[in-house]
Amino acid sequence: MNKRAIYRRARELDAYFNSFPDWYWALGLHDAKILSAAALELPPDWKTQPPCYNCLELIIDAAGAMYDQKVQKISLYNYKILTPDFDLHRLSGAWWLGDELIAEEDGKYRLQLTFQVFETAHERDYTVDIRFAKAEVERKK
């Protein structure tokens, strides 16, 4: 590969990683374990914009993740699960396989999370579609 091709590829990668919000785990969480998933109802704080009224809190053990091993907790505010009849408790104890983050025109995000659950010695992959207004991610120092 010549220098020009390397430089072009570096610019493409830089543009790719800069297209994500700062809080996003752009390298990926493949093989992280979702320790728990909790739906929290919050009293609206009208001083913040937008006021947060609910939160999906995912506690993550990313020690075994292939790429980003520092993520500990993901909080998705003002979330709505778009996948019909999805049981949120299915996420607890599941393995993170991959995700796709989509920025929507109204400023909200959609996260399509693919995860794996082991059921009676058989593994099964699921996808859940979650829409939310903002996110916070806690990472190890």
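Throughout, residue positions are numbered sequentially from 1 according to the sequence presented.
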Here the gap from M66 atom CE to H30 atom NE2, rounded to the nearest 0.5 Å, amounts to 5.5 Å
L97, F118: one ILVMFWY side-chain cluster at the under-4.5 Å cut-off?
no
Do I81 and Y53 share a hydrophobic cluster, counting only Ile, Leu, Val, Met, Phe, Trp and Tyr and linking them when any side-chain heavy atoms are less than 4.5 Å apart?
no
Would a hydrophobic clustering, with Ile, Leu, Val, Met, Phe, Trp and Tyr connected at side-chain separations under 4.5 Å, put I60 with L40?
no
Can you sort out the partners of R9 under side chain to side chain contact (heavy atoms under 4.5 Å, CB included), two or more places apart, ordered by chain and number?
E12, L13
Ignoring hydrogens and angles, tell me if any N or O in the side chain of T83 forms a donor-acceptor pair with the backbone of D129 under 3.5 Å.
yes
Please walk me through it: do F132 and L56 pass side chain to side chain contact (heavy atoms under 4.5 Å, CB included)?
CA-CA 9 Å; F132 59 96; L56 175 58; over 6 Å; no
Locate the shortest heavy-atom distance separating W25 from D68; write the atom from each residue and the value.
CB-OD2, 3.6 Å
Polar side-chain atom of S36 near backbone of S92 as donor-acceptor pair, under 3.5 Å
no
Mark yes when over 12 heavy atoms from residues, nucleotides or ligands other than D45 sit less than 6.0 Å from its CG; otherwise mark no.
yes
Nearest 0.5 Å, what's the OG1-CZ distance between T127 and F115?
7.5 Å
Between W23 and K134, does the side chain to side chain contact (heavy atoms under 4.5 Å, CB included) criterion hold? Intermediate values first, please.
CA-CA 10 Å; W23 50 261; K134 72 177 192 173; over 6 Å; no
Partner set under ring-ring contact (aromatic ring centres under 6.0 Å, His included) for Y24, not counting sequence neighbours:
F20
What closest approach, in Å, do E136 and Y77 show between heavy atoms, and which atom pair accounts for it?
OE1-OH, 3.2 Å
Measuring from atom CZ of R139 to atom CD of Q72, what distance do you get when rounded to the nearest 0.5 angstrom?
10.5 Å
More than 12 heavy atoms of other groups within 6.0 Å of R4 CZ
no
If every non-hydrogen atom of V71 is compared with every non-hydrogen atom of A62, which pair is closest and at what distance?
O-CB, 3.5 Å
Shortest non-hydrogen separation from Y67 to G28 and the atoms involved:
CB-O, 3.6 Å
Go through L82 and K80 one step at a time and tell me if the side chain to side chain contact (heavy atoms under 4.5 Å, CB included) criterion holds.
CA-CA 6 Å; L82 302 176; K80 181 178 181 181; 4.2 Å; yes
Treating Ile, Leu, Val, Met, Phe, Trp and Tyr as nodes and any side-chain heavy-atom pair under 4.5 angstrom as an edge, say whether L35 and V128 lie in one connected cluster.
no
Within one Ile-Leu-Val-Met-Phe-Trp-Tyr cluster: V137 and I59, side-chain cutoff 4.5 Å:
no
Can E41 and N54 be counted as having a side-chain donor-acceptor contact under 3.5 angstrom?
no
Under 3.5 Å: donor-acceptor pair, side chain of D31, backbone of W95:
no
Working to the nearest 0.5 angstrom, can you tell me the gap between L29 CG and L58 CG?
10.0 Å
How close do Y126 and R90 get, heavy atom to heavy atom, and via which atoms?
CE2-NH1, 3.4 Å
Between CD of E57 and NZ of K73, what distance do you get to the nearest 0.5 Å?
4.0 Å
Once you round to the nearest 0.5 Å, how far does CG of L42 lie from OG1 of T48?
9.5 Å
To check you understand the geometry: which heavy-atom pair defines the closest contact between G98 and L113, and what is its length?
O-CD1, 3.6 Å
